[in-house]
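Input: a single structure, listed below in structure tokens.
All values derive from a computational prediction rather than experimental measurement. Indexing begins at 1, ligand by ligand and atom by atom, following the structure's order. Start at 1 with the first residue, then count along the sequence.
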Amino acid sequence: MKAVLCKAFGPAETLVLEEVPSPEAKKNEIVMDVHAAGVNFPDTLIIEGKYQFKPPFPFSPGGESAGVISAVGEKVSHLKIGDRIMALTGWGSFAEHVAVPAYNVLPMPETMDFTTAAAFSMTYGTSMHALKQRANLQPGETLLVLGASGGVGLAAVEIGKAMGARVIAAASSADKLAVAKAAGADELINYSETNLKDEIKRLTNGLGADVIYDPVGGDLFDQAIRAIAWNGRLLVVGFASGRIPELPVNLALLKGASVVGVFWGSFAQRQPQDNAANFQQLFSWYAEGKLKPLVSQVYPLEKAADAINALGQRKAVGKVVVRVR
Ligand SMILES: NC(=O)c1ccc[n+]([C@@H]2O[C@H](COP(=O)([O-])OP(=O)(O)OC[C@H]3O[C@@H](n4cnc5c(N)ncnc54)[C@H](OP(=O)(O)O)[C@@H]3O)[C@@H](O)[C@H]2O)c1
């Protein structure tokens, strides 16, 4: 099969497309013919050796994908050859076939196409877990989303609206904010042009945001935590800015606020039934038209490096997908 390979840590330009043997299904795995693979920020990190997982070389990046099952391990009884599925692979999806533990596989909703399915699990799964289990977001609360046009950010805007929150979307340009507005955001903050803390206060009558969804970290965290509401929850989702911020804990004390970690992959493994219930809700909202996943760019497998760079260079909106077949 053809696979995009990382043979040593480095920038996306060092990835190569090669012929390698196809994987076989171990007893608890399935093998999938990959149709499309979603690109996520961790793909930019894993090839540079900056992610929490460091697979042995050579490996293919690509943490999620959608396709058709072509082989089933002897202990897998709930899936069969020919099933249309979406899968969390961690890495390995930028290839024509990938082997996945059966518990990391979900049947695709019938009305969903492969490109959308490949772009769905990671972002919507993360943002649903963050807003439901970690923030306990309530109807009528104010939700501030940083990096609101990015993968997890845009999903948070849509889910926040579906949960009945007032959503303030914050991003670095007017074009990115237009994308968040189209996804349902009520208010917009351009943090390249205005002071984030002052704008949050202005839009909340000085009260601050009840829930802050932060996949960016760095300076934006420093400003946002100073505009959190009484009893507020700040969700630590990621550090796309490259800097892990530090918190003077008196700020949490003064607002009775919580800083709450979000690690969706671990949640999905430790609480599979809660994760499955989250996806049932997400698929219902999708069927009702409340979620409209935005795939803004689709690249062929041989251009996977360009797809990864779109995220690494802060040029992506919504999701970027690598189309494999
Ligand atoms: N905790 C979890 O379970 C979990 C799960 C999935 C992803 N994540 C994390 O969430 C973060 C976002 O992932 P994603 O896949 O949504 O990425 P993405 O689509 O690239 O979005 C990231 C956003 O961050 C903002 N940003 C600010 N500084 C940036 C920089 N220097 N480089 C790139 N983007 C920058 C960008 O918006 P502006 O230009 O508008 O600022 C961009 O839209 C990552 O840190 C990822 O590791 C965490």
Test log, rule side chain to side chain donor-acceptor pair (under 3.5 Å), inputs Asn275 and His129: CA-CA 8 Å; Asn275 189 49; His129 168 51; over 6 Å; no
Salt bridge flag under 4.0 Å for residues Lys7 and Glu18: yes
Trace of the salt bridge (Lys or Arg N to Asp or Glu O under 4.0 Å) decision for Lys75 with Glu29: CA-CA 8 Å; Lys75 292 215 163 156; Glu29 291 181 342; over 6 Å; no
For Phe263, atoms of ligand 1 separated by under 4.0 Å from a heavy atom: 3 (O)
Subset of ligand 1 atoms that lie under 4.0 Å from at least one heavy atom of Val152: 6 (C), 7 (C), 10 (O), 12 (C), 16 (O)
N/O separation below 3.5 Å, Trp264 to ligand 1: yes
Residue-ligand contact Ser241/ligand 1, heavy atom below 4.0 Å: yes
Polar contact flag, side-chain donor to acceptor under 3.5 angstrom, Gln133-Asn278: yes
Residue, atom name and distance, where the atom is the protein heavy atom closest to atom 5 (C) of ligand 1: Thr126 OG1, 3.2 Å
Atom CD of Gln273 with >12 non-hydrogen neighbours under 6.0 angstrom: no
Contact check: Tyr191 vs ligand 1, nitrogen or oxygen atoms, below 3.5 angstrom: yes
Parallel, tilted or perpendicular, as decided by the 30° and 60° cut-offs, for the rings of Trp91 and Phe53: tilted
Pair Lys80 + Asp83: basic N to acidic O under 4.0 Å: yes
Geometric N/O contact Gly238 with ligand 1, under 3.5 angstrom: no
Nearest-contact summary for atom 11 (C) of ligand 1 - protein heavy atom, Å: Pro215 O, 3.5 Å
Leu247 atom CG: more than 12 heavy-atom contacts under 6.0 Å: yes
Enumerated ligand 1 atoms positioned under 4.0 Å from heavy atoms of Ala171: 40 (O)
Cluster link Ile212 to Val262, ILVMFWY, side chain under 4.5 Å: no
Plane angle bin for Tyr286 and Phe120 - parallel if under 30°, tilted between 30 and 60°, otherwise perpendicular: perpendicular
For atom 17 (O) of ligand 1, the protein heavy atom that lies nearest, with its residue and separation: Phe41 CB, 3.5 Å
Residues Lys319, Glu64; criterion salt bridge (Lys or Arg N to Asp or Glu O under 4.0 Å); working and verdict: CA-CA 12 Å; Lys319 288 285 293 200; Glu64 65 176 342; 2.7 Å; yes
N/O separation below 3.5 Å, Arg314 to ligand 1: yes
Salt-bridge present (Asp186, Lys161; N to O < 4.0 Å): yes
Per-atom contacts of ligand 1 with Leu311, taking only distances under 4.0 Å to non-hydrogen atoms: 20 (O), 33 (C)
Nitrogen or oxygen of Ala316 less than 3.5 angstrom from that of ligand 1: no
For atom 9 (C) of ligand 1, closest protein heavy-atom neighbour: Val237 O, 3.7 Å
Residue, atom name and distance, where the atom is the protein heavy atom closest to atom 32 (N) of ligand 1: Ala240 O, 3.4 Å
Basic-acidic side-chain contact under 4.0 Å: Glu187, Lys181: no
Element-labelled atoms of ligand 1 that are located less than 4.0 Å from some non-hydrogen atom of Asn40: 15 (O)
Within-cut-off N or O pair, Phe239 and ligand 1, under 3.5 Å: yes
Those atoms of ligand 1 less than 4.0 Å from some heavy atom in Gly151: 16 (O), 18 (P), 19 (O), 21 (O)
Top protein contact for atom 1 (N) of ligand 1, by heavy-atom distance: Val262 O, 2.8 Å
Top protein contact for atom 21 (O) of ligand 1, by heavy-atom distance: Gly150 CA, 3.6 Å
Proximity flag Phe267 to ligand 1, non-hydrogen atoms under 4.0 Å: no
Taking atom 40 (O) of ligand 1 as the reference point, the nearest protein heavy atom with its distance: Ser172 N, 2.9 Å
Numbering as shown, the atoms of ligand 1 that approach Val216 to under 4.0 Å (heavy-atom distance): 24 (O), 25 (C), 27 (C)
Carboxylate-amine/guanidinium contact Arg243 Asp219, below 4.0 Å: yes
